[in-house]
Amino acid sequence: MVKSKEYRAENIKVLEGLEGVRKRPAMYIGGTDKQGLHHLVYELLDNSVDEALAGYCTKIIVKIHADGSCSVEDNGRGIPVDMHPTYKVSAAQVALTKLHAGGKFDKDSYKVSGGLHGVGMSCVNALAKKLFLRIKKKGKIYEQEYSRGNPVGKLKAVGKCKENETGTFIQFWPDELIFSVLEFDYKVLETRFREVTFLNAGLKIELEDEIKMKKQEFYAAGGVREFVEWLNRNKTSLHKKIFYFKKEMGGTEIEIAIQYNDSFQENIFGFVNTINTIEGGTHISGLKTALTRVINDYAKKKNLLKGSDTFTGDDAREGICCVVSVKIADPQFEGQTKGKLGNSEVKGHVDSATTLSLIEFFEENPIVAKSIIGKALQSAKARLAAKRAKDLIRRKNEFSIGGLPGKLSDCSSKRAEESELYLVEGDSAGGSAKMARNRNTQAILALRGKILNVEKSSPSRALSSEEITNMITAIGTGVGEHFNIDKLRYHKIVIMTDADVDGEHIKTLLLTFFFRFMPQLIEKGYVFAAMPPLYRLRKKKDYYVHSDEELVKLTKGIEKPNVTRFKGLGEMSPDQLWATTMDPKTRKVQRIYIEDVVETDQVFSMLMGDDVQGRKNFIAENSQEADLDI
C-alpha cells in the first residue's frame with residue numbers, strides 16, 4: 001500500500017485579498033459564462049441603486065464601450081475617499097480590494113440594500129484585467145486604476161468639481177483569463193434595467209452601446225403598477241383596474257400590484273431590494289397564502305362556491321400577473337446570486353398586508369372581484385375534469401411497473417443523482433436510443449411527435465394529454481401545488497430531438513412545458529438539451545461535426561470530402577448514437593437555465609401564445625440568425 005503524503009500545516013493554503021475570487025469565481029458570480037459576465041454589471045448597478053434607495057441618486061448611466069469595457073456612473077454620494085482607520089489606505093481602496101467591506105453593513109449608511117454581501121464591487125475588481133475608478137466628492141475629482149484586483153497607484157485628487165457635484169464612475173475590462181464570453185449584450189442589460197426602474201419609481205437609467213450605436217433611457221413614474229401593465233401589454237386583461245398597495249409592516253416595505261388576464265399561466269415575479277428572486281421565498285409564500293384565503297372567503301360570502309367546495313391555490317392564481325416588491329434592512333438570501341428569500345418574518349408581513357388590502361379592494365370593486373372569482377371557478381371545473389382524465393390514464397398504466405408509463409424504458413439504478421431521462425422524438429429514434437443507452441443509468445421515454453402547446457391550452461387539457469401525463473409520471477415530482485423536488489427520479493432530464501426545424505420545434509414545445517409546469521427543474525439545473533451532430537466526416541477516421549463552421553474548418557484543403565448529413569436520430573446506428581450523443585465521456589449537452597424570468601415569460605408568451613403580431617416582429621428582427629435546413 002502506497003502511503004499518502006503527510007498532511008502538514010503548510011498544506012493549508014490561505015488565499016490573500018481577492019485571490020479566492022479569481023480561483024473560484026463561480027462561487028461569487030454564478031459562473032464565468034455570459035450570465036456571469038453580466039452579473040458584474042449588475043453588482044455595480046446594485047451599488048448605484050442602493051444610493052437611490054437611500055435617497056441620494058436619481059440617475060445611473062451605463063455604457064458598453066467600443067474597446068470591450070463597460071462603465072457604470074451614478075450621481076450618488078460617491079464612495080468615501082478619506083483614510084480608513086484600520087487599513088491606512090483610502091476607504092474606496094478598501095471597498096474595491098477587501099471582501100465583505102462596504103457601507104451595506106452600517107445601518108446608518110443604508111437602511112435597505114440590494115448589494116448586500118459587500119463583495120460585489122471587489123468581485124468586479126478581482127475579475128477585471130483593468131478597472132478605472134473616478135469619484136466626485138467634496139469639490140474634488142479623485143481617480144485610481146487597478147489591474148486584476150490590485151491597485152496600480154494610490155487614489156489621487158486630479159481636479160476640481162462643483163461642491164454639490166457628487167458621484168461614482170467605474171469602468172472595467174473583463175478578464176479573458178476568467179470569462180469564456182467577453183461581449184456585453186445590450187438586450188440582456190436592457191431587460192434588467194427596465195425592471196430596476198419599474199421597481200424604483202422616479203429613477204432614471206440610461207443605457208448606451210457605442211458598438212451598436214444604440215441608446216435608451218428607462219424611467220417609470222408608476223412603479224410596480226406600471227410594471228404589471230407592461231407585463232400584460234400583449235395579453236387580454238380580465239379587469240382594467242389594477243389591484244395595488246404599498247405599505248410598511250414590521251420594518252418591511254411591501255409594494256404589490258395584481259392584474260388577471262385570460263391566459264392559463266400563473267406569473268408572479270418577486271423582488272427583494274430590487275433583486276429578482278427567481279426561486280421565490282417567504283415574500284411569495286405570504287402573497288399566495290393571503291390570495292387563496294381572501295378569494296375563498298369572498299366567494300363563500302357571496303355564495304359563489306357551493307357547500308364545502310374550495311379553490312386550491314392553483315385555481316386562485318390561474319391567469320394572475322403579479323409583482324411583489326419588498327424592501328427590508330437585513331434580507332437573508334440563499335447564495336451570492338440571491339435567488340431565494342429566507343426571512344421567516346416577511347411571510348407574515350406580506351400575508352397580513354395583502355389580506356387587509358385585498359379584502360378592501362374586493363368590497364370596493366365587486367365587478368373586478370367577480371371576474372377574478374369567475375376565472376377561479378373555470379380553473380376549478382377544469383381541474384376536476386383533468387383529474388378524471390388522469391385517473392383514466394392511471395388505470396391504463398396499472399399494469400406498468402410501479403405505475404410508471406408503459407412507454408418508459410427505465411434505468412435499473414434507483415439513485416436519482418446518477419440517473420438520466422432522455423425524452424426522445426419518435427419511436428424510431430426511441431428504438432435506437434434504447435439499444436444505445438447505458439441501461440444502468442439512462443432511461444428512455446419516446447414521445448409521439450409534437451406534444452401539446454401548453455401555452456395555448458388550459459391546464460386541464462394539458463394534463464389530459466397522455467404524452468404530458470407520461471412525462472410527469474416518469475419525472476416523479478408532480479406539478480403545481482403538488483410539486484415536490486425530493487421525488488425527482490432523475491437529476492438529468494435530456495431533451496433529444498432531431499437536428500432539423502421539426503426537432504427544434506419539438507424542443508421548444510418541451511421547454512414551454514417545463515417552464516410553465518415545472519420551472520423548478522430548470523432553476524435547479526436538471527434540464528438539458530442534447531446536441532446531436534449535424535455531419536459525419538470520413539478522413540482516415542470518423543469525425544462528428546456539430547456546426548457548419550466546424551465542417552468548413554475540417555474540410556479545408558480536401559477535395560470532394562466524404563460528408564454525411566444526419567437528418568434524424570433514427571438514421572444513426574445505436575453505436576453512433578451512443579458515441580455522439582449519449583456517452584457522458586464524449587457527448588455534448590446544453591444545460592438549460594433562465595437568464596431573466598420576466599424576459600423568458602415574455603418570449604414564451606410571444607413565441608408560443610396568441611400574440612401573432614409580436615411573433616411576426618420577432619421573426620423579422622431575427623431572421624438573419626435563423627439556420628434553415630433548405
Kindly indicate, with the supporting measurements, whether the criterion side-chain contact (heavy atoms from CB on, under 4.5 Å) is fulfilled by Glu318 and Phe264.
-> CA-CA 5 Å; Glu318 184 179 294; Phe264 305 108; 3.6 Å; yes
Reported CG-to-CD distance for the pair Asp209 and Gln216, which is rounded to 0.5 angstrom | 11.5 Å
Look at the side chain of Thr168 and the backbone N and O of Ile79, then say whether any donor-acceptor pair between them is shorter than 3.5 Å.
-> yes
Determine yes or no for a side-chain-to-main-chain donor-acceptor pair under 3.5 angstrom, with Thr292 supplying the side chain and Phe311 the backbone.
-> no
Exam field: side chain Thr197 to backbone Lys204, donor-acceptor pair closer than 3.5 Å | no
Rounded to the nearest 0.5 angstrom, the CD-CG distance for Glu253 and Leu53 is 8.5 Å
Separation between CD1 of Ile592 and CD1 of Ile522, rounded to the nearest 0.5 Å = 7.5 Å
Are Gln332 and Asp330 linked by a side-chain donor-acceptor pair shorter than 3.5 Å?
-> yes
Taking the six-membered ring for Trp, is the centroid-to-centroid distance between Phe528 and Tyr526 below 6.0 Å?
-> no
Arg77 charged N/C atom sitting above Tyr56 aromatic ring, 6.0 Å / 45° = yes
Identify which one of Tyr298, Phe243, Tyr244, Phe245 satisfies the ring-ring contact (aromatic ring centres under 6.0 Å, His included) criterion when paired with Phe361.
-> Phe243
Please step through salt bridge (charged side-chain N to carboxylate O under 4.0 Å, His left out) for the pair Glu183 and Lys34, ending with a clear verdict.
-> CA-CA 8 Å; Glu183 296 78 31; Lys34 179 180 177 181; over 6 Å; no
May I ask you to decide if the ring planes of Phe172 and Phe184 are parallel, tilted or perpendicular, using 30° and 60° as cut-offs?
-> perpendicular
Between Glu229 and Arg233, does at least one N-O distance fall below 4.0 Å, as a salt bridge requires?
-> no
Spatial distance of atom CG (Asp315) from atom CD (Glu266) [nearest 0.5 Å] = 11.0 Å
With a 4.0 Å cut-off, would you call Asp74 and Lys136 a salt bridge?
-> no
Atom CD in Glu599, atom CZ in Arg194: separation rounded to 0.5 Å?
-> 7.5 Å
Counting only N and O atoms by type, is there a donor-acceptor contact under 3.5 Å from the side chain of Thr282 to the main-chain atoms of Asn343?
-> yes
Got a salt bridge between Glu73 and Lys63, using NZ or NE/NH1/NH2 to carboxylate O under 4.0 Å?
-> no
Arg134 NZ/CZ over Phe169 ring centroid, <6.0 Å and within 45° of normal = yes
Any luck finding a side-chain donor-acceptor pair between Gln265 and Arg317 under 3.5 Å?
-> no
If we ignore angles and hydrogens, is there a donor and acceptor under 3.5 Å between the side chains of Lys327 and Thr252?
-> no
Side chains of Gln613 and Asn617: donor-acceptor distance under 3.5 Å anywhere?
-> yes
Expected output: side-chain Thr274 to main-chain Val196 donor-acceptor under 3.5 Å | no
So how far is it from Asn75 CG to Ile60 CD1, rounded to the nearest 0.5 Å?
-> 8.5 Å
Is Lys214 salt-bridged to Glu208, going by a charged N under 4.0 Å from an acidic O?
-> no
Quickly, which of Phe515, Phe517, Phe513 forms a ring-ring contact (aromatic ring centres under 6.0 Å, His included) with Phe604? Name it, please.
-> Phe515
Evaluate side-chain contact (heavy atoms from CB on, under 4.5 Å) for Leu40 paired with Leu127, printing each intermediate quantity in order.
-> CA-CA 9 Å; Leu40 297 185; Leu127 302 176; 4.1 Å; yes
Evaluate the criterion side-chain contact (heavy atoms from CB on, under 4.5 Å) for residue pair Leu189 and His38; output intermediate values, then yes/no.
-> CA-CA 8 Å; Leu189 296 179; His38 289 82; 3.7 Å; yes
Say whether Gln171 and Ser69, considering side chains only, have a donor N or O and an acceptor N or O under 3.5 Å apart.
-> yes
With under 30° as parallel and over 60° as perpendicular, where do the rings of Tyr42 and His39 fit, or are they tilted in between?
-> perpendicular
Matching residue for Asp351 among Arg293, Lys288, His283 - test: side chain to side chain donor-acceptor pair (under 3.5 Å) | Arg293
Given the rule in the side-chain contact (heavy atoms from CB on, under 4.5 Å) test, do His239 and Tyr260 qualify, once you have shown the distances and angles that lead to the verdict?
-> CA-CA 7 Å; His239 50 97; Tyr260 281 78; 3.7 Å; yes
For the pair Lys370 (side chain) and Asn365 (backbone), establish whether a donor and an acceptor sit closer than 3.5 Å, ignoring hydrogens and angles.
-> no
